[in-house]
Amino acid sequence: MKITIIGTGFVGLTSAVVYASFGHEICGIDIDQRKIDLLNQGVVTFYEPKLTEMVQDELERGKLSFTTDYKEGVSGAKIVMVCVGTPSREDGSVDTAYIEASLREMAKYITDGTIVVIKSTVPPGTLDLADQILKSETKAKYSLASLPEFLKEGTAVDDTLYPDRTVIGADDDETMEVLAELHKPLKAPIVKISPRSAQLAKYAANNYLASRIVFVNEIANVCEKAGANIDEVVEAIGYEKRIGKHYWYPGLGYGGSCFPKDVKGLANIADGLGLEGNLFAKLDELNSERPVQIFERIKKEIEGGWQGKKVAMLGLSFKPGTDDQRVAPALIVAPYLLAEGASIISYDPMVKRIADEKIAESLRYNQVETIEEAVADADVIIALIEWSQIVGFNFKATKVKEKQQVFIDARNQFDKAELTKAGYQYFGIGK
Ligand code: UGA
């Protein structure tokens, strides 16, 4: 079966290679000619484990091709899957402009029986909008479905190959059956529901996970004030089966391309439905304020505050295993520290340049290739991201004896007692 995937980001490209691995003919479309040229040569422009190898394998098998041309890409496809971005607007609402544009572009080339699937995260009701757009451009008898995606960056391929479930939102049985058949090789439960429920399930999953992070971070704040230790509290409550130990790690708050946008998005959707003052708006508020609040709190406890401090900032991506810097803590912490008068030497095992030109060009900002170089003369070390290279580094061995060095363990990955014994002034989260 020919399947066309529109959008070759994390979701689109991972879906493309996985469906290709099932033996389908996959054509990926993107508006970025440079990206398409590189993909046709087997080059993926972002880092995602296993993805490049799979793209190269499927290109070689002739199961995968890429184009910028909608006519070539969509003609003859049984399924056209939209995987383009749905960024947040200034007011937090979901911008579906890329979805709308791709629907207008594909409309001329779909035929009777084509299934148009929206895989991007979209507000409930978006299929009605899709229907209006397609109807205004074509007389073909297509059908529509919603197929939310639950993969995580850094483990995108495995999450797609071994999902916890596949959620299909469709109103007609035939469409539901074609899509259920497509996902059978994954051997995961298939949840067949209405398109609106499927769309909301995606927001609900991301908002629930985000709420766990906000919750554990709020408890960490209380721990700090009350003289308790968040790691011990998590251990103690995690044995409770209804709670669990997973997805409970405190830090500077959630980042990345999805949670911030989807929490804002659901807050805005609920607001638009008359549910003002909802939980989701509060989650967004608490999470957004958190990094600067933490650094303000530490400022009061270190001699002389941030002014003139040489800071080693370790980790530029939003989490380990990816070079994605969208809503990465470094992009919040770096401007804050520079404005406070500090200078920064950064390190990241994957990210080559911070995604903020003003910071990158600042005379008080520098990036180096190794952790040794970053920490050599630092007054403050911030372990921002739990990359194994950072967590596994022996900071005791590089402690400068003549200096009172501060160590900020922003992901609670280090032993407080050991680093304190080594001579660091240690700050963790909630302990
Ligand atoms: C997230 C969801 O986990 C996926 O299920 C979803 O499909 C995806 O968004 C999406 O909507 O596309 P992702 O953004 O790749 O995936 O990253 P996560 O690993 O979930 O981490 C998100 C953020 O939460 C990161 O900043 C991470 O550091 C933070 N986090 C995660 C915590 O602070 N504590 C935790 O316990 C877990």
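Ligands are counted one by one from 1 in listed order, and the atoms in each one are counted from 1 as well. No experiment lies behind these values; they were computed from the predicted model shown.
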Open item on the list: Go through it in stages, so that I can follow the logic: the residues are Phe395 and Tyr424, the test is ring-ring contact (aromatic ring centres under 6.0 Å, His included), and I'd like the CA-CA distance, side-chain angles, deciding distance and then a yes or no.
Closed with: CA-CA 9 Å; Phe395 290 98; Tyr424 287 104; 7.1 Å; no
*Any chance CG of Asn394 has more than 12 other-residue heavy atoms, nucleotides or ligands included, within less than 6.0 Å?*
yes
Under a 4.0 Å N-O cut-off, is there an ion pair linking Asp379 with Lys309?
no
Show me the short polar-atom pairs for ligand 1: any N or O of it lying under 3.5 Å from a protein N or O, with distances only.
| from | atom 1 | to | atom 2 | distance (Å) |
| --- | --- | --- | --- | --- |
| ligand 1 | 5 (O) | Phe150 | O | 3.0 |
| ligand 1 | 7 (O) | Phe150 | O | 3.1 |
| ligand 1 | 7 (O) | Leu151 | N | 3.3 |
| ligand 1 | 7 (O) | Leu151 | O | 2.6 |
| ligand 1 | 7 (O) | Lys202 | NZ | 3.0 |
| ligand 1 | 11 (O) | Lys202 | NZ | 2.6 |
| ligand 1 | 11 (O) | Asn206 | ND2 | 2.7 |
| ligand 1 | 15 (O) | Glu153 | N | 2.7 |
| ligand 1 | 15 (O) | Lys319 | NZ | 3.1 |
| ligand 1 | 17 (O) | Lys319 | NZ | 3.2 |
| ligand 1 | 19 (O) | Lys319 | NZ | 2.9 |
| ligand 1 | 20 (O) | Tyr247 | OH | 2.3 |
| ligand 1 | 21 (O) | Tyr247 | OH | 3.4 |
| ligand 1 | 26 (O) | Gly255 | N | 2.8 |
| ligand 1 | 33 (O) | Arg411 | NH1 | 3.0 |
| ligand 1 | 34 (N) | Tyr249 | O | 2.8 |
| ligand 1 | 36 (O) | Trp248 | N | 3.1 |
| ligand 1 | 36 (O) | Tyr249 | N | 2.7 |

Residues at least two apart in sequence or cross-chain that pass side chain to side chain donor-acceptor pair (under 3.5 Å) with Gln56, listed by chain then number, are none
* Geometric cation-pi criterion Arg165 and Phe150, 6.0 Å radius, 45° cone -> yes
Salt-bridge present (Lys421, Glu418; N to O < 4.0 Å):
no
